[in-house]
Each structure stands twice: as structure tokens, then as C-alpha cells.
Colleague: 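I'd like to ask you about the structure that follows.
Atom set for the values below is all heavy atoms of this structure, side chains included, hydrogens, waters and symmetry mates excluded.
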Amino acid sequence: MSVIGLVLLMTVSFCYAMFQGGFVSWFIFYSFLPFSVYALILLFYPLHDFTVERKVNKRECQAGESVEIALTFTRENRLPLLFMVVEEEFPQEMEDRGLQRKIIIFPGFKRTFSMSYTLENLQRGEHSFQSIRFWIGDFFGLVEKEAIYSSPLKISVFPRYHELAYSDLDRVFNQGAVVSTKKTQREHSVVSGVREYQPGDQLSWINWKATARTSEIMTKEFEVQKNRDVFIMLDEKPSDLFEESIEMAASIAHAMLKKGMEIGYVSMGSRLIIPAAAGNKQKRKIFYRLAKEEPGVVNALNENVRKGILPANAAVIFIVSDLTLEKVDLLSAFRPNQGLMLCVKKQADLTDEERFSMSTAVSRGIKISFFEHGHLKFDRSEVMVK
């Protein structure tokens with residue numbers, strides 16, 4: 001309500017008391033007076049004197065995790081504020097999920113007050129927060145004032161990944177002939193340390209002295225023998241299994257980097273190529289790119305771009321949600337006889353068209369592996385050239 005409207009109400013109540021007289025009329029006037037004065041003060045209350053600080057417990061997390069955000073408000077005076085409604089301007093993808101954006105707090109006489117909320121089950125992606133909107137009001141809603149503070153914040157949500165056993169990873173290589181098993185495992189002549197036993201480790205790797213000392217089964221850790229660079233390429237065509245493909249790409253990257261291999265990443269939605277490297281820094285680069293990947297129809301890696309895009313000895317693991325001739329042609333253009341297609345579905349669910357595409361891939365020297373989506377368990381069936 002405007003200043004004129006508020007003054008008009010005070011004038012009407014005063015005139016009523018003057019002309020009517022008596023205890024009741026003056027009681028009404030004096031009862032309304034403090035609320036009117038408070039509303040007038042709020043009209044001129046300087047919201048620009050507020051300072052807003054936003055803190056987050058972590059700016060990077062995995063999909064499905066929660067993030068806690070704390071907002072701290074500081075002002076220069078102690079004018080009592082009955083309430084304050086705070087509204088976060090969420091990214092569009094969060095608004096589509098119907099997340100709660102408004103929170104009411106009661107500052108009272110406090111000069112510094114804070115609030116916090118938790119974003120649960122975050123989805124993969126890079127979420128950008130821009131501004132904070134809040135408003136105050138009087139007892140009867142006669143006056144409302146609002147302000148908007150810019151407070152940019154980005155939260156990167158990396159895709160989930162699963163720990164793949166050595167047997168699973170070696171099975172992929174054996175099926176795909178991307179890297180030979182012996183070379184991707186270790187150079188058995190050089191032992192670099194010990195670690196806890198993992199499913200798929202050979203009995204000959206067990207370090208009995210370390211096992212006796214720690215009371216846990218410990219196996220030898222071998223230095224990696226470099227064979228060739230491996231690049232992961234993701235099918236970014238729209239699909240119901242797109243998120244499963246993302247998780248599989250993250251799991252493969254994590255498992256290979258954990259073994260000390262050098263891998264790279266090829267983005268089909270853009271022309272970004274992450275050169276092959278090893279270590280945690282490379283893992284963060286790949287996961288950051290996977291966090292930003294979105295399904296798209298356009299393939300930016302046209303024939304001219306593909307030429308000379310990868311090292312001559314590099315192998316490609318192409319993770320797809322279905323099998324089509326277009327994808328077979330794409331992998332063939334990158335690496336004839338050096339490609340592996342991982343399909344995020346059961347082999348038994350293939351359509352006739354997909355089976356034809358599979359036969360075409362096999363005839364071109366491309367190996368194909370299948371795994372059941374949602375479980376990251378590899379199908380033991382192997383596609384062999386007959």
C-alpha cells in the first residue's frame with residue numbers, strides 16, 4: 001500500500017474518533033496508531049543496507065548427494081522485523097523438479113540472522129544460482145518491501161560411478177581387443193606396493209607377509225606397462241538410457257585411471273577433446289565434462305573434424321544406448337579395427353535393425369560388448385567374427 005493510502009486510513013480513524021467521541025472510538029484509533037506508524041517506518045526502511053552472504057558446504061559432489069546452503073543476513077540497525085520471506089532463484093532444471101524456493105524467517109531485533117536449507121538428491125549437471133529475493137511486511141500486510149541481491153554460485157554435480165572389479169574391466173578389454181589383458185593389468189616383474197584384495201585378483205598376487213601383518217588379504221600392486229592411449233566416446237543422441245550411458249562412461253574412466261592407464265575423452269556434442277593423461281586431475285577433467293553433457297541431435301564431429309583428431313595408436317571405446325548403422329559408421333571413421341562399442345542394454349533386447357547393425361560392426365572389425373543397464377554387470381556373451 002502507498003504512503004497516501006496509509007495516511008488516509010490513519011486520517012479516517014482519527015476523524016472517526018474526533019466526531020464520534022467516547023472511549024471505544026479513541027481506543028480503536030490508539031490501537032491502530034502503532035501499527036500504522038510501524039508500517040510507515042517500513043515504507044522508508046533501507047533494504048539496501050542489508051548484506052547477504054551465501055555459503056555452501058561443497059561446490060562439487062556426486063549425483064544423488066545433498067548440499068547444504070546457508071544464507072546470512074546482516075543489517076545496520078535493530079528495527080524489529082516481524083517476518084522475512086526469502087526466495088532463491090533456482091536454476092530452471094531445479095524449478096522443473098518442483099523444489100521449494102520460499103522460506104519464512106522471523107528476525108525480530110537481531111542485527112545478524114541466518115537460515116539454511118538442503119538440496120537433496122541433486123541431479124547431474126552444473127547448476128547456477130544467480131540471485132536471492134526477499135521481502136518484509138507489517139502486521140496486517142498493509143506494506144511490503146522487497147529487494148534482490150545478486151549472489152552467483154555454481155555447483156558442479158558429477159555423475160555417479162561404480163567400482164568395477166578387475167575381472168569386469170579385463171572382460172571388456174578381452175571382448176573389445178582394445179588393450180591386451182596382460183598389458184592393461186601390470187608389468188609383473190616390477191612391484192610398486194601392496195593394497196587390499198579386490199575381486200578378480202589372481203592368487204599369485206597375494207603378498208603373504210603383508211597379509212599376516214595386517215590380518216587382511218593384501219595383494220601386490222604392479223607398475224603399469226603403457227600400451228596405447230584409450231579414448232572414451234559417448235553417444236549423445238536422445239535416449240531413455242542416456243543417464244545410464246553417462247554412469248558407464250564415468251565408471252570405465254574411474255576404473256582405467258585407477259589402474260594407472262592414460263585415457264582421454266571425446267565429446268560428440270561439441271568439438272572438445274580431452275587429451276589422454278593419467279591421475280586424479282585427468283579424472284576431474286573427464287567427470288566435469290560428463291557432468292555438462294546433454295543429449296543432442298547434432299553431431300559436431302563431422303568427417304572433416306575426425307581426420308587427425310586422435311593419435312595414430314589410440315583405441316576408442318564408444319558407449320552407446322542402442323546400435324545403429326550411423327554409429328557403426330562413426331566409429332569406423334575414427335578407428336577401423338581399433339574400436340569397441342559398449343551397448344547399454346541386454347543383447348536379448350536387440351531389435352532386428354540393431355542385430356543387423358551389430359553384424360555390420362563385426363564385419364568391419366569392431367568388437368561389441370553388452371551390459372545390463374541399471375546394474376553395471378557385463379554380459380558374458382562375446383561377439384566374435386565368424
Colleague: Quick one: closest heavy-atom pair of Asn207 and Ala210, and the distance?
Modeller: OD1-N, 3.0 Å
Colleague: Can you tell me how far apart CD1 (Ile252) and CG (Leu257) are? Round to the nearest 0.5 Å.
Modeller: 11.0 Å
Colleague: Looking only at the aromatic ring of each residue, does the gap between the centers of Phe106 and Phe83 stay below 6.0 angstrom?
Modeller: no
Colleague: Tell me whether Phe27 is reachable from Met10 by hopping between hydrophobic residues (I, L, V, M, F, W, Y) whose side-chain heavy atoms are closer than 4.5 Å.
Modeller: no
Colleague: Quick one: do Val157 and Ile155 satisfy side chain to side chain contact (heavy atoms under 4.5 Å, CB included)? Show the steps, please.
Modeller: CA-CA 6 Å; Val157 183; Ile155 299 178; 4.2 Å; yes
Colleague: Ala253 and Ile286: which non-hydrogen atoms are nearest, and at how many Å?
Modeller: CB-CG2, 4.3 Å
Colleague: Glu196 versus Ile217: any side-chain heavy-atom pair under 4.5 Å?
Modeller: no
Colleague: Between the side chain of Gln20 and the main-chain N/O of Ala17, is any donor-acceptor distance below 3.5 Å?
Modeller: no
Colleague: Tell me whether Tyr117 contacts the main-chain N or O of Lys102 through its side chain, where contact means a donor paired with an acceptor under 3.5 Å.
Modeller: no
Colleague: What's the separation between atom CZ in Phe109 and atom CG in Leu79, rounded to the nearest 0.5 Å?
Modeller: 8.0 Å
Colleague: Are Ser114 and Leu71 packed together at the side-chain level, in the sense that at least one heavy-atom pair is separated by less than 4.5 angstrom?
Modeller: no
Colleague: Parallel, tilted or perpendicular: which one describes the rings of Phe14 and Trp26, with boundaries at 30° and 60°?
Modeller: perpendicular
Colleague: Could you grab the distance from atom CD of Glu65 to atom CD of Gln62, nearest 0.5 Å is fine?
Modeller: 5.5 Å
Colleague: Tell me whether Val86 shares a hydrophobic cluster with Ile148, the cluster being built from Ile, Leu, Val, Met, Phe, Trp, Tyr side chains joined at under 4.5 Å.
Modeller: no
Colleague: Relative to Phe287, does Lys283 satisfy both conditions: NZ or CZ under 6.0 angstrom from the six-membered ring centre, and within 45 degrees of the ring's axis?
Modeller: yes
Colleague: Please walk me through it: do Thr72 and Thr51 pass side chain to side chain contact (heavy atoms under 4.5 Å, CB included)?
Modeller: CA-CA 8 Å; Thr72 302; Thr51 57; over 6 Å; no
Colleague: I'd like to know if the side chain of Ser215 reaches the main chain of Thr211, judged simply by a donor and an acceptor atom lying under 3.5 Å from each other, with no hydrogens or angles considered.
Modeller: no
Colleague: Do the side chain of Gln282 and the main chain of Gly279 share a donor and acceptor less than 3.5 angstrom apart?
Modeller: no
Colleague: Answer yes or no: is there a side-chain heavy-atom contact under 4.5 Å between Phe231 and Ile273?
Modeller: yes
Colleague: Are a donor atom and an acceptor atom from the side chains of Gln130 and Ser150 found within less than 3.5 Å of each other?
Modeller: no
Colleague: Verify, without hydrogens or angle tests, whether Arg75 (side chain) and Lys110 (backbone) share a donor-acceptor contact under 3.5 angstrom.
Modeller: yes
Colleague: With the side chain counted from C-beta on, respond yes when Phe139 and Leu82 share a heavy-atom pair under 4.5 Å apart, and no when they do not.
Modeller: yes
Colleague: As an exercise, state the distance from CG of Leu325 to CG of Leu330, rounded to the nearest 0.5 Å.
Modeller: 12.5 Å
Colleague: Before you tell me yes or no, could you show the steps for Tyr288 and Glu126 under side-chain hydrogen bond (donor to acceptor under 3.5 Å, both in side chains), namely the whole-Å CA-CA distance, both residues' side-chain angles and the distance that decides it to 0.1 Å?
Modeller: CA-CA 9 Å; Tyr288 182 75; Glu126 188 176 51; 2.7 Å; yes
Colleague: Would you mind reporting whether Phe370 and Met341 have side-chain heavy atoms less than 4.5 Å apart?
Modeller: no
Colleague: Once you round to the nearest 0.5 Å, how far does CG of Asp235 lie from SG of Cys343?
Modeller: 9.5 Å
Colleague: So Leu119 and Phe129, do their side chains get closer than 4.5 Å, heavy atoms only?
Modeller: yes
Colleague: Does any donor atom in the side chain of Ser131 or Glu89 lie under 3.5 Å from an acceptor atom in the other side chain?
Modeller: yes
Colleague: Does Glu353, at its CD atom, have more than 12 non-hydrogen atoms belonging to other residues, nucleotides or ligands within less than 6.0 Å?
Modeller: no
Colleague: Taking NZ, NE, NH1 and NH2 as the nitrogens, is one of them in Glu76 or Arg111 under 4.0 Å from a carboxylate oxygen of the other?
Modeller: no
Colleague: Verify, without hydrogens or angle tests, whether Ser239 (side chain) and Leu241 (backbone) share a donor-acceptor contact under 3.5 angstrom.
Modeller: yes
Colleague: Do the side chains of Lys58 and Glu68 get close enough for a salt bridge, i.e. N-O under 4.0 angstrom?
Modeller: no
Colleague: Dump the intermediate steps for side chain to side chain contact (heavy atoms under 4.5 Å, CB included) on Glu354 and Met358, then the final yes or no.
Modeller: CA-CA 6 Å; Glu354 288 177 316; Met358 182 177 66; over 6 Å; no
Colleague: Determine, for Arg54 against Glu88, whether the closest basic-nitrogen to carboxylate-oxygen distance falls under 4.0 angstrom.
Modeller: yes
Colleague: So, are Lys145 and Asp138 salt-bridged, with charged N and O less than 4.0 Å apart?
Modeller: no
Colleague: Do the charged groups of Asp322 and Lys237 touch, with an N to O distance under 4.0 Å?
Modeller: no
Colleague: Would you say Phe356 ends up clustered with Leu323 if hydrophobic residues are merged whenever their side chains have heavy atoms under 4.5 Å apart, either directly or through other cluster members?
Modeller: no
Colleague: Are more than 12 heavy atoms, taken from residues, nucleotides or ligands other than Asp240, located less than 6.0 Å from that residue's CG atom?
Modeller: no
Colleague: Would you check if Arg364 and Asp329 make a side-chain contact, meaning some heavy-atom pair closer than 4.5 Å?
Modeller: yes
Colleague: Using modelled atom types and a 3.5 Å cut-off, is there a donor and acceptor pairing between side-chain atoms of Tyr30 and backbone atoms of Ser25?
Modeller: no
Colleague: Kindly compute the distance separating CZ (Phe73) from CE (Met115), expressed to the nearest 0.5 Å.
Modeller: 6.5 Å
Colleague: Using the rule that two of Ile, Leu, Val, Met, Phe, Trp, Tyr join whenever any of their side-chain heavy atoms come within less than 4.5 Å, decide whether Phe35 and Val24 are in one cluster.
Modeller: no
Colleague: Report yes if the side chains of Val52 and Phe134 come closer than 4.5 Å at any heavy-atom pair, otherwise no.
Modeller: yes
Colleague: Within the side chain of Arg124, is there an N or O that forms a donor-acceptor pair under 3.5 Å with the backbone of Ala291?
Modeller: yes
Colleague: Just by modelled atom types, is the His162 backbone N or O under 3.5 Å from a matching donor or acceptor in the Ser251 side chain?
Modeller: yes
Colleague: Is it true that Ile132 and Ile104 fall in one hydrophobic cluster, defined by side-chain heavy atoms closer than 4.5 Å?
Modeller: yes
